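Here the structure is a predicted model, which is why all the values come from computation and not from measurement. Every number for a ligand or one of its atoms is a count from 1 in the order of the listing.
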Amino acid sequence: MPAHPPLRVAVLGCGVVGTQVVRLLTTQASDLASRVGAPLELVGVAVRDADAERDPVVDRALLTTDAESLVERADVVVEVMGGLEPARGLLLRAIAAGASVVTANKALLAQDGPTLYAAADEAGVDIYFEAAVAGAIPIVRPVRESLAGDRVTRVLGIVNGTTNYVLDKMASEGLDLDQAVKEAQALGYAEADPTADVEGYDAAAKAAILASLAFHTRVSIDDVSREGITSLTADDVLWAQRTGHVLKLLAIAERGSVEDADGARVEGVQVRVHPALVPAGHPLASVRGAFNAVFVEAEAAGELMFYGRGAGGEPTASAVLGDVVSVARHRVLGGKGPVESRYAELPVLPATAARTRYQVRLEVADRPGVLAQVAAVLAAHDVSIEAVRQSPASQTPEADVARLVITTHVAPEHALRSTVDAIAGLDVVRRVVSVLRVEGA
Ligand SMILES: NC(=O)c1ccc[n+]([C@@H]2O[C@H](COP(=O)([O-])OP(=O)(O)OC[C@H]3O[C@@H](n4cnc5c(N)ncnc54)[C@H](O)[C@@H]3O)[C@@H](O)[C@H]2O)c1
Ligand SMILES: N[C@@H](CCO)C(=O)O
Ligand code: NA
């Protein structure tokens with residue numbers, strides 16, 4: 001077979017991930033050429049500041065601030081600059097010029113992926129994005145390809161390395177949230193603006209991407225009910241431990257149903273991101289630092305677990321390079337990766353359709369009959385109690401205030417919300433300290 005001419009690769013952005021992508025392209029060049037069947041020639045690296053100090057692995061002669069023309073002289077364009085624009089415009093330009101594209105940009109895909117998928121489909125090129133969800137962990141490819149013959153029922157996991165690192169440091173070293181976020185930034189885990197991590201936007205973007213793939217339905221970040229970790233306190237972390245749990249930020253996408261106005265059941269998908277108490281013995285509880293883990297449940301396959309490094313320059317670059325090899329192979333050998341699959345068009349159900357267990361912590365008057373009053377409110381709302389733990393006033397800072405920790409059985413979110421409102425309105429209840437979901441029991 002005649003040798004295939006080199007494939008030209010352009011990299012957009014040379015930060016935490018981009019630098020490692022350039023490093024692997026350079027140091028692994030010979031192996032990559034053998035795997036692809038053609039050399040991968042790095043033709044340029046688009047940067048904002050060509051004079052900035054950089055890792056010496058990046059050949060300065062390849063730096064350019066003209067990303068627009070760079071994308072037009074490449075066969076494969078790797079976008080690792082992040083943000084919506086100019087990333088979106090550059091990817092569309094690359095696709096229109098006939099390049100296959102690889103991106104790590106979950107924010108963009110969760111907001112406007114369908115525009116990019118359609119453009120790639122029309123141009124007959126690939127768009128791959130393994131690095132966009134859970135860093136190095138192969139999860140996009142398994143859901144998009146390996147499970148394409150099965151019926152996925154649920155995807156649940158830890159998909160943000162920064163918040164997992166932060167919660168871990170709060171629990172194990174007593175760090176406060178801001179200190180732990182600074183460490184995560186220094187380690188290259190956080191987004192350019194870490195608000196995206198701590199407020200759950202990054203996890204919501206990943207949940208939207210996974211839900212779209214798993215349920216063959218368009219799910220955008222705006223469809224995901226989202227709650228971050230900024231309202232969690234050191235006290236929440238402490239009580240989690242006392243009650244045999246670990247606090248985790250979870251992303252959950254699952255099939256469910258709601259009743260419509262005529263009483264008919266409507267099947268759909270519910271997608272949410274929120275902190276949750278996970279029992280200390282559950283596998284998710286042992287996911288430490290910036291590691292991620294994703295459980296996928298499918299009817300025929302049963303339960304699958306994916307685990308590994310969810311953030312960081314090198315692990316993320318591994319996923320990017322895997323995609324580069326895939327799309328480059330298609331250029332050499334022919335063929336094309338999957339296109340967007342959205343035929344199922346399931347409705348996205350509201351957050352109130354979610355059903356979980358809850359842990360409600362209350363400060364109450366330390367008098368006889370208080371527990372009975374609280375229990376009566378729960379019963380009236382059809383929320384059943386699994387366990388109650390009471391710390392008497394002698395163990396709380398104030399002499400007349402006792403603490404109640406109530407764990408419920410599975411209840412619909414709307415029932416729990418009205419229950420908590422009613423409990424808060426009781427005279428004997430001083431304060432609803434926190435309401436946390438319990439998952440994975
Ligand atoms: N860091 C991680 O662990 C990780 C993991 C998975 C996915 N991602 C995604 O990868 C992408 C990059 O993340 P990162 O951590 O490397 O971010 P980063 O901020 O370290 O790097 C981005 C780089 O792109 C450059 N850039 C931005 N706009 C540009 C423009 N218009 N022209 C040229 N250069 C431009 C910035 O100057 C910066 O150097 C983001 O989409 C992020 O969500 C990151
Ligand atoms: N900021 C992201 C990077 C990986 O997508 C995280 O912490 O998980
Ligand atoms: Na991944």
Side-chain angles (χ1 to χ4, degrees), residues 10-22 44-50 52-55 58 63-68 70-71 78-91 102-111 128-144 157-167 180-181 184-206 209-210 213 229 249 251 289-294 306-323:
V11 176
L12 310 181
C14 195
V16 171
V17 179
T19 302
Q20 296 308 320
V21 168
V22 169
V45 181
V47 295
R48 268 205 285 235
D49 176 4
E53 210 174 296
R54 293 184 193 276
D55 187 306
V58 182
L63 299 181
T64 174
T65 52
D66 185 2
E68 279 81 7
L70 174 61
V71 300
V78 177
E79 186 273 306
V80 279
M81 59 173 44
L84 299 185
E85 291 294 352
R88 179 179 173 279
L90 288 168
L91 284 170
V102 173
T103 177
N105 194 334
K106 51 271 160 128
L108 173 59
L109 294 177
Q111 191 69 60
Y128 271 52
F129 45 90
E130 183 58 74
V133 184
I137 305 174
I139 184 69
V140 168
R141 209 181 252 93
V143 174
R144 184 154 84 147
I158 295 167
V159 294
N160 181 268
T162 300
T163 46
N164 202 62
Y165 181 89
V166 168
L167 292 173
V181 168
Q185 285 179 294
L187 292 164
Y189 302 149
E191 293 304 298
D193 175 358
T195 311
D197 297 294
V198 292
E199 293 295 357
Y201 292 101
D202 179 78
K206 291 161 174 167
I209 294 168
L210 284 179
L213 298 173
I229 64 164
L249 183 72
F291 278 76
N292 285 184
V294 184
F306 301 84
Y307 172 78
R309 291 182 198 278
E314 273 191 278
T316 306
S318 163
V320 169
L321 263 290
D323 282 354

As an exercise, identify every atom of ligand 2 less than 4.0 angstrom from a heavy atom of Glu191.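 Under 4.0 Å from Glu191, ligand 2 has these atoms: 1 (N), 2 (C), 3 (C).
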
Need the ligand 2 atom indices (1-based, order shown) with element for anything under 4.0 Å from a heavy-atom of Gly161.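 Selected atoms, number and element: 6 (C), 7 (O), 8 (O).
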
I need the nearest protein heavy-atom contact for [atom]: residue, atom name and distance, please.
{"atom": "atom 40 (C) of ligand 1", "result": "Gly82 CA, 3.6 Å"}
{"atom": "atom 20 (O) of ligand 1", "result": "Val16 N, 2.9 Å"}
{"atom": "atom 36 (C) of ligand 1", "result": "Arg48 NH2, 3.7 Å"}
{"atom": "atom 44 (C) of ligand 1", "result": "Val17 CG2, 3.6 Å"}
{"atom": "atom 33 (C) of ligand 1", "result": "Val47 C, 3.3 Å"}
{"atom": "atom 4 (C) of ligand 2", "result": "Gly310 O, 3.3 Å"}
{"atom": "atom 21 (O) of ligand 1", "result": "Gly15 CA, 3.3 Å"}
{"atom": "atom 30 (C) of ligand 1", "result": "Met81 CE, 3.4 Å"}
{"atom": "atom 25 (C) of ligand 1", "result": "Gly13 CA, 4.1 Å"}

What angle, in degrees and rounded to 10°, do you get at the Na ion (ligand 3) when you join it to O of Ile137 and to O of Glu130?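 It is 150°, given to the nearest 10°.
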
Backbone or side chain, does any N or O of Glu191 fall under 3.5 Å from an N or O of ligand 1?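 Yes, at least one N or O pair falls under 3.5 Å.
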
Is any N or O atom of Lys106, backbone or side chain, closer than 3.5 Å to an N or O atom of ligand 1?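 By distance alone, the answer is yes.
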
Option set [options], criterion heavy-atom distance to [atom], minimum:
{"atom": "atom 31 (N) of ligand 1", "options": "Ala290, Pro86, Cys14", "answer": "Pro86"}
{"atom": "atom 1 (N) of ligand 1", "options": "Ala190, Gly188, Gly312", "answer": "Gly188"}
{"atom": "atom 7 (O) of ligand 2", "options": "Val166, Thr162, Asn105, Ile158", "answer": "Thr162"}

Tell me, please, if [X] has any N/O/S atom, main chain or side chain, under 3.0 Å from the Na ion (ligand 3)?
{"X": "Ile139", "answer": "no"}
{"X": "Gly135", "answer": "yes"}
{"X": "Val133", "answer": "yes"}

What atoms of ligand 1 come closer than 4.0 angstrom to any heavy atom of [X]?
{"X": "Ala311", "answer": "3 (O)"}
{"X": "Ala131", "answer": "6 (C), 7 (C)"}
{"X": "Ala46", "answer": "33 (C), 34 (N)"}

Side chain, backbone, both or neither: which part of Ala132 has a heavy atom under 4.0 Å from ligand 1?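 Neither part.
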
In terms of heavy-atom contacts, does OH of Tyr201 have more than 12 from other residues, nucleotides or ligands at under 6.0 Å?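 Result for OH/Tyr201: open.
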
Whether over 12 other heavy atoms sit under 6.0 Å from Arg144 CZ: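 Correct, the count exceeds 12.
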
Can you tell if the side chain of Leu249 reaches within under 4.5 Å of the side chain of Ile158, non-hydrogen atoms only?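 They are not in side-chain contact.
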
Any residue meeting side-chain hydrogen bond (donor to acceptor under 3.5 Å, both in side chains) with Thr162, in chain and number order, not counting sequence neighbours: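 None.
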
Listed by chain and number, what are the side-chain hydrogen bond (donor to acceptor under 3.5 Å, both in side chains) partners of Asp193, not counting sequence neighbours?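 Here the qualifying residues are Thr195.
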
For Val102, is there any backbone N or O sitting under 3.5 Å from a side-chain donor or acceptor partner on Glu79?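 The answer is no, because no donor-acceptor pair under 3.5 Å joins these two groups.
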
Side chain Asp197, main chain Ala190, donor-acceptor under 3.5 Å: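 No, Asp197 side chain to Ala190 backbone: no donor-acceptor pair under 3.5 Å.
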
So which bit of Ala190 gets within less than 4.0 Å of ligand 2, heavy atoms only: side chain, backbone, both or neither?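 For Ala190, the contact with ligand 2 is made by the backbone alone.
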
Could you tell me whether ligand 2 has any atom less than 4.0 Å away from a heavy atom of Gly135?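 False for this residue.
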
contact_flag Ala67 ligand 1 heavy-atom lt 4.0 Å: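 Per 4.0 Å heavy-atom rule, Ala67 does not contact ligand 1.
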
Give a yes/no on ligand 1: does Gly135 have at least one heavy atom closer than 4.0 angstrom to it?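 It does not, in that no heavy atom of Gly135 comes within the 4.0 Å cut-off of ligand 1.
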
Working to the nearest 0.5 Å, report the span between CG of Asp49 and CZ of Arg54.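 If we round to the nearest 0.5 Å, Asp49:CG and Arg54:CZ are 6.5 Å apart.
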
Rounded distance [0.5 Å steps], CZ in Arg309 versus OG1 in Thr316: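 Those atoms lie 11.0 Å apart.
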
Do Asn292 and ligand 2 have an N or O pair less than 3.5 Å apart?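 For ligand 2, there is no N or O atom that lies under 3.5 Å from one belonging to Asn292.
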
